[in-house]
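Taking it in order: structure first as structure tokens, then the write-up.
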Amino acid sequence: MFTTSKEKLIQNLNEFSKNELVNYSFERNFDYGPPHNNVSKISPYLNKKFITEEEVVDIITKYNSIKTLNKFIEEIFWGTYWRGWLEAHPWIYDHYIKSRDDQKNLKKTGIKCFDYWKEELFETGYLHNHSRMWFASIWIFTLGYSWQSGAKLFEDNLLDYCPASNTLSWRWVAGLQTKNKPYIARADNIKFYTKNRFNPKDQINENIFSSFDFDETHNPLECKFSDYNDLKQKNDLCVILNNNDLSLNKVLEEIKLDYRCVLFKSPQKNKLKNKFQSQIYNDICSRNREIIIIESFQQMLEWLRINKIKNILFPYETVGKKLFNDPQFLNQLKSLKISYLFYLRKWDRNAFPFATKNFFKFKKHIPDLLKIANIRDKNLEN
Ligand SMILES: Cc1cc2nc3c(=O)[nH]c(=O)nc-3n(C[C@H](O)[C@H](O)[C@H](O)COP(=O)(O)OP(=O)(O)OC[C@H]3O[C@@H](n4cnc5c(N)ncnc54)[C@H](O)[C@@H]3O)c2cc1C
């Protein structure tokens with residue numbers, strides 16, 4: 001279901017934009033099962049910036065007006081919003097990390113849809129959005145497991161795992177994100193939106209009273225980000241690509257800066273995720289022969305020293321995605337007299353300040369955010 005070639009991904013997204021997007025707002029909630037042609041399946045790429053939001057919007061607006069694309073663009077901004085929201089509420093993620101655990105003895109439950117989705121998740125690393133919601137609701141309210149153990153199961157198995165979207169969506173289903181309004185999976189809704197593939201009538205708990213305690217008494221943090229104006233003055237520069245942003249080098253190409261490029265590979269425990277990662281990394285290297293792959297901090301420090309690197313550009317590490325922003329590693333850079341910057345892309349930099357409250361308030365800024373990103377309605381221009 002998931003190509004690992006950028007060329008093929010762009011081809012698939014063009015096809016999806018031509019054939020499916022016009023019906024997206026009506027069709028998106030139906031889960032017809034794999035290969036899930038009614039949704040884009042771009043999340044595993046978007047989260048790592050194997051393809052960027054700007055590239056996606058550029059492709060989809062070739063075939064559709066922004067008005068037709070409203071719902072799809074809004075969904076893309078859900079991902080941005082969750083990341084920005086968690087950036088302003090980092091303690092929520094810390095609580096999750098401290099309390100997450102593995103659910104032991106995951107046997108068949110006899111609830112056909114649930115057992116099917118669990119296998120689909122293990123086999124493909126993906127689940128349709130509506131099935132993620134049903135799955136999480138059944139996990140918490142029918143099976144009585146903790147939301148944190150469900151979030152951990154997704155964390156370990158989703159190809160598109162994102163600390164913000166995952167943690168906050170599980171909290172939302174549990175009734176923690178919108179206070180005591182849990183998401184209730186209902187048999188007739190599952191029957192309708194799976195086109196009768198499943199009907200767990202009398203098998204799932206639909207009488208839910210969620211009464212979690214609330215820990216969010218703090219105010220959101222104010223997030224301020226640099227505009228990186230001095231980037232052009234950097235010399236002996238190296239950009240370190242990693243899963244936080246696999247195309248950060250394009251930013252330097254746009255401003256015509258010379259740079260060296262390293263792709264940092266950290267192994268994934270899950271076989272499917274590891275294979276997917278290796279293959280997309282190979283694709284990146286096959287398109288740019290100058291990029292070298294490095295697999296450990298020690299090897300990286302050695303390479304930086306030998307190549308006399310003076311400045312490093314790292315992808316910004318949002319909450320839950322910490323990799324190099326570690327005092328010990330950064331001290332080692334200092335001792336080599338290497339300066340560094342954690343670069344947050346414009347798309348996120350412009351949006352995050354609006355993501356401190358609810359999505360409804362955030363959403364009002366989407367038209368302006370598209371304008372700032374230089375995204376115009378091509379259909380209106382022609
Ligand atoms: C319990 C639960 C856990 C989730 N965990 C993750 C996760 O770890 N990583 C992740 O990327 N998404 C997560 N989501 C959100 C959503 O399910 C996926 O982004 C979506 O299913 C990806 O499939 P797609 O690319 O085909 O989506 P499409 O419908 O084609 O949407 C296009 C893009 O919009 C964004 N998007 C769509 N819906 C959402 C949403 N509800 N929240 C945030 N972004 C959205 C994604 O970037 C997606 O690729 C979770 C949802 C739930 C209910």
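Indexing begins at 1, ligand by ligand and atom by atom, following the structure's order.
- Of the heavy atoms in F135, none comes closer than 4.0 Å to ligand 1.
- Among all non-hydrogen protein atoms, the one lying nearest atom 15 (C) of ligand 1 is N129 OD1, 3.9 Å.
- The N47 neighbourhood of ligand 1 comprises atoms 9 (N), 10 (C), 11 (O), with distances under 4.0 Å to a heavy atom of that residue.
- For the salt bridge (Lys or Arg N to Asp or Glu O under 4.0 Å) with E53, the lone residue among R83, R345, K346 that qualifies is R83.
- Annotation: cation-pi pair K191/F198 absent, no NZ/CZ under 6.0 Å from the ring centroid and within 45° of its normal.
- Using a 4.0 Å cut-off to heavy atoms of G79, the atoms of ligand 1 that qualify are 43 (C), 44 (N).
- Screening W134, Y183, W117, Y145 for a ring pair (Phe, Tyr, Trp, His ring centres under 6.0 Å) with W139, the sole residue that qualifies is Y145.
- Ring-centre distance between F154 and F135: below the 6.0 Å cut-off.
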### Task
Any chance you could lay out the salt bridge (Lys or Arg N to Asp or Glu O under 4.0 Å) test for R28 and E75, step after step, and finish with the verdict?
CA-CA 10 Å; R28 59 180 282 273; E75 290 306 317; 3.2 Å; yes

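- Listed by number with element, the atoms of ligand 1 under 4.0 Å from a non-hydrogen atom of L46 are 47 (O).
- Nearest to atom 9 (N) of ligand 1 by heavy-atom distance, out of D160, V173, I42, V56, is D160.
- Residues N157 and N270 have side chains that bring a donor and an acceptor to within less than 3.5 angstrom of each other.
- By heavy-atom distance, the residue among F72, W134, Y24, F359 lying nearest atom 29 (O) of ligand 1 is Y24.
- If you check which protein heavy atom lies closest to atom 6 (C) of ligand 1, you get R132 NH1, 3.3 Å.
- For the residues N38, N166, V39, the heavy atom positioned nearest atom 5 (N) of ligand 1 is part of N166.
- Counting the atoms of ligand 1 from 1 in the order shown, those under 4.0 Å from a heavy atom of F154 are 1 (C), 3 (C).
- Counting heavy atoms only, S43 comes closest to atom 22 (C) of ligand 1 of the residues S137, S165, S43.
- Taking the ring centre of Y228 as origin, the terminal cationic atom of R349 falls outside the region bounded by 6.0 Å and 45° from the ring axis.
- Nearest protein neighbour of atom 8 (O) of ligand 1, counting heavy atoms only, is C162 N, 3.0 Å.
- Using 4.0 Å as the threshold, R28 has no heavy atom nearer than that to any atom of ligand 1.
- Here the heavy atom of the protein found nearest to atom 33 (C) of ligand 1 is I76 CG1, 4.0 Å.
- For ligand 1, the atoms sitting less than 4.0 Å from at least one non-hydrogen atom of S169 are 1 (C), 2 (C), 3 (C), 50 (C), 51 (C), 52 (C), 53 (C), numbered in the order shown with element in parentheses.
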### Message
Run the salt bridge (Lys or Arg N to Asp or Glu O under 4.0 Å) test on D58 and K62 for me, step by step, so that the C-alpha distance in whole Å, both residues' side-chain angles and the decisive distance to 0.1 Å come before the verdict.
### Response
CA-CA 7 Å; D58 198 45; K62 279 200 287 193; over 6 Å; no

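- Looking only at heavy atoms of the protein, atom 42 (N) of ligand 1 is closest to W82 NE1, 3.6 Å.
- Between E75 and ligand 1, an N or O atom pair is found at a separation short of 3.5 Å.
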### Task
I would like to know whether D156 and K152 meet salt bridge (Lys or Arg N to Asp or Glu O under 4.0 Å); could you show each step before the answer?
CA-CA 6 Å; D156 292 343; K152 173 76 166 46; 2.9 Å; yes

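- Interface of Y161 with ligand 1, defined as ligand atoms under 4.0 Å from a residue heavy atom, comprises 8 (O).
- Taking a cut-off of under 4.0 Å to the non-hydrogen atoms of M133, the atoms of ligand 1 that pass are 53 (C).
- By the 4.0 Å N-to-carboxylate-O rule, K321 lies too far from D245 to be salt-bridged with it.
- For the pair R132 and Y126, the distance from NZ or CZ to the six-membered ring centre is under 6.0 Å and the angle to the ring normal is within 45 degrees.
- For ligand 1, the polar-atom distance check against S40 finds a nitrogen or oxygen pair separated by under 3.5 Å.
- Ring orientation note: the planes of Y24 and F72 are nearly perpendicular, at an angle over 60° on the 30°/60° scale.
- For ligand 1, the polar-atom distance check finds no N/O of H128 at less than 3.5 Å from any of the ligand's N/O atoms.
- Using a 4.0 Å cut-off between charged side-chain N and carboxylate O, R305 and E302 make a salt bridge.
- Counting heavy atoms closer than 4.0 Å to ligand 1, residue Y126 contributes side-chain atoms (C-beta onward) but none from N, CA, C or O.
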